[in-house]
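A short worksheet on the structure shown next.
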There are 2 protein chains.
Amino acid sequence: MNQPKRYLDIVLDIRKMIQQENLRPGDRIPSERELAERLEVGRSTVREALRSLELLGLIETRRGEGTFLSDHRNHRLVEVLSTFILQDNQSQNDVRETRLIHELAALKAICRNDVSSRLLVWDSFRSRLAEGSSFHREDFVKEMMVLSGNRLSLKIWFLLQQYSGKPFDGVVTEDEKEMINRILTAIEQQQTDTAIKEYMAWCDLLQKGRMQNDDNS
Amino acid sequence: MNQPKRYLDIVLDIRKMIQQENLRPGDRIPSERELAERLEVGRSTVREALRSLELLGLIETRRGEGTFLSDHRNHRLVEVLSTFILQDNQSQNDVRETRLIHELAALKAICRNDVSSRLLVWDSFRSRLAEGSSFHREDFVKEMMVLSGNRLSLKIWFLLQQYSGKPFDGVVTEDEKEMINRILTAIEQQQTDTAIKEYMAWCDLLQKGRMQNDDNS
DNA sequence: AGGCATGAGTGGTCTGACCACATTCAAAAA
DNA sequence: TTTTTGAATGTGGTCAGACCACTCATGCCT
């Protein structure tokens with residue numbers, strides 16, 4: 001009889017602890033020594049669980065300070081991991097496709113919803129487009145995901161976005177501003193199909209730019 | 001100066017070792033003690049790396065036997081992350097919505113793809129519809145997700161389906177057979193919008209039946 | 001030939017000991 | 001007084017050694 005691996009229990013225990021104490025990203029979790037004592041296991045076992053979670057990008061450890069819930073801002077570790085898991089093209093393509101699935105669903109949801117509540121946020125981007133100032137692509141897409149109202153979809157999207165290698169890294173160019181303007185217009189007029197079409201056109205543009213970058217490097 | 005996170009290097013070293021020695025899924029990798037000696041690190045450090053890979057489903061350990069490579073395509077990344085994503089999401093509505101997002105995306109993908117290769121599978125359901133025999137709802141939807149070709153989406157869907165309380169439990173009724181027939185027809189004729197409309201009608205029917213069940217109990 | 005005991009090898013776990021680093025705070029210096 | 005210094009403390013990172021539980025192969029005994 002193989003008894004279940006202890007470190008797996010620790011993973012679940014830590015998850016439960018996070019839930020019970022309502023810890024949020026950036027918060028500190030108990031030290032390894034304290035966890036070992038509380039859970040009545042050796043420190044090495046606790047470490048095996050923590051290392052696993054760290055490789056997943058769920059926690060972040062800083063020597064001399066402690067262990068913290070990852071605030072989802074560091075994609076570094078995740079990238080190392082994705083080179084391991086997502087080696088084959090099929091997997092990479094799946095991640096990209098699935099991410100797009102959630103984005104388009106969010107777009108649909110926004111177009112279907114009431115306009116009034118979200119007007120303020122879009123106006124923020126609109127004005128930035130008008131006055132020529134710039135913004136990060138990721139901020140725009142993330143706002144879109146938030147406005148969809150589906151928090152689960154937002155969470156899944158955020159992870160996929162991390163694992164697909166900064167697809168929206170950087171600030172928008174002049175050409176893109178034009179496209180985003182059209183997307184916003186379509187959303188405001190609740191023309192779902194147009195919005196989706198324009199959005200996919202934007203994604204294609206980004207994809208091409210990304211491939212050119214890869215060639216250069 | 002000192003690069004912390006030695007176990008991360010071990011992860012990469014192991015990956016390199018796998019590539020160099022051309023190890024395939026099922027093969028045995030060196031023991032923890034041998035790895036520690038070869039890589040000139042402590043055994044606990046090796047173990048931290050191995051536990052991380054095990055949590056992801058990249059390797060499999062059997063006490064008394066050794067550590068073996070598992071098929072990288074069966075990685076458990078999604079499962080592990082789900083325990084953290086779904087932990088606080090008590091919003092059953094989000095789960096249902098997100099599941100539907102993936103189902104509709106699969107439906108779209110199937111309609112977009114070439115029909116010929118997957119005709120056999122649909123014919124299986126078709127004939128069962130024709131000859132009056134029945135089948136489980138879940139089998140039908142799962143086949144649909146598989147045929148979408150996106151394995152990641154399939155994995156996410158499977159988890160969501162588990163978390164949303166057996167939405168497709170049971171066998172199809174006579175009324176539903178009619179609807180499924182229309183769905184299949186729309187798919188074969190690659191009429192995406194019709195297929196989606198019919199599918200959502202079916203889902204609505206299931207939802208209503210479920211609510212009635214809840215009232216009875 | 002078949003069954004059984006033994007030992008070597010392996011992963012699973014714990015302990016204790018260092019190290020490197022960050023923070024804190026009281027003592028020393030300005 | 002204010003500023004600087006440095007020792008104390010707590011943290012993660014690593015290592016070595018020791019057991020335990022388990023598997024498997026060897027070879028011995030019946």
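Naming: A, B, ... by sequence-line order, numbering from 1 per chain. When reading the values below, keep in mind they use all heavy atoms of this one structure, side chains included, and skip hydrogens, waters and symmetry mates.
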Report yes if a side-chain nitrogen or oxygen of [X] is closer than 4.0 Å to either non-bridging phosphate oxygen (OP1 or OP2) of [N]; otherwise report no.
X	N	answer
Arg28(B)	dT10(C)	yes
Thr67(A)	dT11(D)	no
Thr45(A)	dC14(C)	yes
Arg51(B)	dG12(C)	yes
Ser44(B)	dG13(D)	no

Length of the line joining [X]:[atom1] and [N]:[atom2], which is rounded to integer Å:
X	N	atom1	atom2	value
Glu48(A)	dT14(D)	CD	C1'	14 Å
Glu60(A)	dG13(D)	CD	C1'	16 Å
Leu39(A)	dT13(C)	CG	C1'	15 Å
Phe68(A)	dA22(C)	CZ	P	12 Å
Tyr7(A)	dT13(C)	OH	P	9 Å
Arg6(A)	dC22(D)	CZ	P	13 Å
Arg47(B)	dC20(D)	CZ	C1'	13 Å
Glu32(A)	dT11(D)	CD	C1'	8 Å

- Item | Distance-only polar pair, side chains of Thr173(A) and Glu176(A), donor-acceptor under 3.5 Å | yes

- Is the closest side-chain donor-acceptor distance between Tyr163(B) and Gln92(B) under 3.5 Å? no

- Message: Using heavy-atom distances to pick each residue's nearest nucleotide on DNA chain C, tell me which of Glu40(A) and Ser31(B) is more 5'.
- Response: Ser31(B)

- Message: Judged by each residue's nearest nucleotide on DNA chain C, which is more toward the 5′ side, Leu50(B) or Glu65(A)?
- Response: Leu50(B)

- Please report the closest heavy-atom contact between Leu205(A) and Met179(A), naming both atoms and the distance. CD2-SD, 3.7 Å

With hydrogens left out and only the distance checked, is there a donor-acceptor pair under 3.5 Å joining [X]'s side chain and the base of [N]?
X	N	answer
Arg43(A)	dG16(C)	no
Arg33(B)	dG9(C)	no
Arg62(B)	dG12(C)	no

- Under 4.0 angstrom, heavy atoms only, what part of the nucleic acid is Gly42(B) near: base, sugar-phosphate, or nothing? sugar-phosphate

- Could you point out which residue of Gln162(A), Met145(A), Met144(A) forms a side chain to side chain contact (heavy atoms under 4.5 Å, CB included) with Trp157(A)? Met145(A)

- Message: Could you check whether Glu174(A) pairs with Lys177(A) (Lys NZ or Arg NE/NH1/NH2 to Asp/Glu carboxylate O, under 4.0 Å)?
- Response: yes

